[in-house]
Amino acid sequence: MSHRVSASSLLPCLLSSLLMLGGCQARAGKPDATAVSAAAAKVETASEVVARGEYLVRVGGCNDCHTAGYAERQGEVPTTQWLTGSPLGYHGPWGTTYASNLRLRMQEMTEAQWLAYSGSLRTRPIMPDFTLRAMSEADRLAIYRFVRSLGSAGEAAPAYLPPGQTPPAPYFSLVLPEAPAPGAAGAPGTAGAAPRN
């Protein structure tokens, strides 16, 4: 049976081991450089964490909404323009939401605040908050460090508009299909309904 252990859960043990190893070596008078190098190699460097955060942002679809023009330009947007929010509204029964400027948002949060926020995020459509909640803490931390490394840029996204207000252009309107009339063929719970598998 194999068990997966995250690097973040091993870090305290690894550091303790390194400290004990250093103390023992100092008493013995000869440090074992190979053992120290091998143990240190298992810990991700700060630049590797930021690079992993960039990768997660790219493949996780964050730019699709949070970077204006990203999808239209098929991802060919300089990193310096990433995650500054978008004026495109997403309009539906919930009102109108806008993808926030993450570059500004992350500057307002500590790592601990971001981890708590992203680990329990529940927001309005079209943000797939469930994907962020499903990520490991290490991945969410990598995203945070990458976005913070970009620095502040841009302006705040437009504010949320409640249902019943028509947003200014540009906006993407999401219209839900009408529910079938009771008794209509295909309506749930009717004789004409399609069988469920």
Side-chain angles (χ1 to χ4, degrees), residues 4-19 40 42-71 75 77-163 165 167 171-172 174:
R4 288 189 154 208
V5 180
S6 70
S8 61
S9 66
L10 286 177
L11 189 57
C13 295
L14 179 60
L15 291 175
S16 296
S17 299
L18 286 174
L19 289 174
K42 295 181 190 298
V43 178
E44 224 175 0
T45 67
S47 61
E48 289 171 331
V49 171
V50 169
R52 187 160 51 85
E54 179 179 355
Y55 171 77
L56 290 166
V57 163
R58 184 184 302 271
V59 301
C62 304
N63 283 310
D64 294 351
C65 296
H66 291 275
T67 301
Y70 189 85
V77 176
T79 309
T80 56
Q81 296 174 20
W82 283 17
L83 308 174
T84 56
S86 176
L88 176 64
Y90 294 94
H91 180 67
W94 62 87
T96 305
T97 51
Y98 295 87
S100 64
N101 181 330
L102 296 178
R103 303 267 292 269
L104 297 179
R105 168 79 49 95
M106 296 291 194
Q107 301 304 319
E108 299 169 351
M109 292 184 170
T110 65
E111 284 185 358
Q113 289 170 330
W114 163 252
L115 290 173
Y117 172 78
S118 60
S120 61
L121 179 65
R122 299 215 183 256
T123 189
R124 296 177 190 94
I126 67 170
M127 171 64 191
D129 50 26
F130 53 89
T131 61
L132 195 56
R133 289 192 313 270
M135 287 184 184
S136 69
E137 186 172 288
D139 284 347
R140 289 184 287 115
L141 184 59
I143 289 171
Y144 173 85
R145 289 189 181 169
F146 168 65
V147 178
R148 288 278 297 211
S149 77
L150 296 174
S152 293
E155 302 295 323
Y160 160 76
L161 297 175
Q165 291 187 21
Y171 66 91
F172 186 75
L174 300 166

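Side chains are part of it too, since the values below use all heavy atoms of this structure and drop only hydrogens, waters and symmetry mates. Position 1 is the first residue of the sequence, and the numbers go up from there.
Between the side chain of Trp114 and the main chain of Arg140, a donor-acceptor pair closer than 3.5 Å is present. Side chain of Asp64 to backbone of Ala71: no donor-acceptor contact under 3.5 angstrom is found. Judged by distance alone, with hydrogens and angles left aside, the side-chain atoms of Tyr70 form no donor-acceptor pair with the main-chain N or O of Cys62 at under 3.5 Å.
Taking CD of Gln81 as the start and CZ of Arg103 as the end, the distance is 9.0 Å to the nearest 0.5 Å. Here the CZ-CG distance, from Phe146 to Leu83, works out to 6.5 Å after rounding to the nearest 0.5 Å. With rounding to the nearest 0.5 Å, the separation of CG in Asp129 from OG1 in Thr123 is 6.5 Å. Taking CE from Met109 and CZ from Arg148, the interatomic distance works out to 11.0 Å, rounded to the nearest 0.5 Å. Here the straight-line distance linking atom CD1 of Ile143 with atom CE of Met106 works out to 7.5 Å at 0.5 Å rounding.
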Exercise. Would Leu174 and Ile126 satisfy side-chain contact (heavy atoms from CB on, under 4.5 Å), going step by step from the backbone distance to the final call?
Worked result: CA-CA 10 Å; Leu174 300 166; Ile126 67 170; 3.4 Å; yes
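What you find for Arg133 and Gly119 is that their closest heavy atoms are CG-O, 3.7 Å. Here the shortest heavy-atom pairing between Pro163 and Pro93 reads CG-O, 3.5 Å. Heavy atoms only, all atoms of each residue included: Ser86 and Cys65 are closest at CB-O, 3.5 Å. Ser152 and Gln107 make their closest contact through OG-CG, 3.1 Å (heavy atoms, listed as atom of the first residue, atom of the second, distance). Here the shortest heavy-atom pairing between Gln165 and His91 reads O-CE1, 3.4 Å. Contact record, Thr96 with Gly89: CG2-CA, 3.8 Å, taken as the closest heavy-atom pair.
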Please tabulate, for side-chain N and O atoms in residues 52-59, each donor-acceptor pair with protein atoms closer than 3.5 Å (sequence neighbours left out).
unit_1	atom_1	unit_2	atom_2	d
Arg52	NE	Glu44	OE2	2.9
Arg52	NH1	Asp139	OD1	2.4
Arg52	NH2	Glu44	OE1	2.9
Glu54	OE2	Arg58	NH2	3.4

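Looking only at side-chain heavy atoms (C-beta outward), Trp82 and Val147 stay at 4.5 Å or farther from each other. Put simply, the side chain of Thr84 does not reach to within 4.5 Å of the side chain of Thr67, judged on heavy atoms. Residues Tyr117 and Leu132 are not in side-chain contact: their nearest non-hydrogen atoms beyond the backbone lie 4.5 Å or more apart.
The number of heavy atoms from other shown groups lying within 6.0 Å of CZ (Arg105) does not exceed 12.
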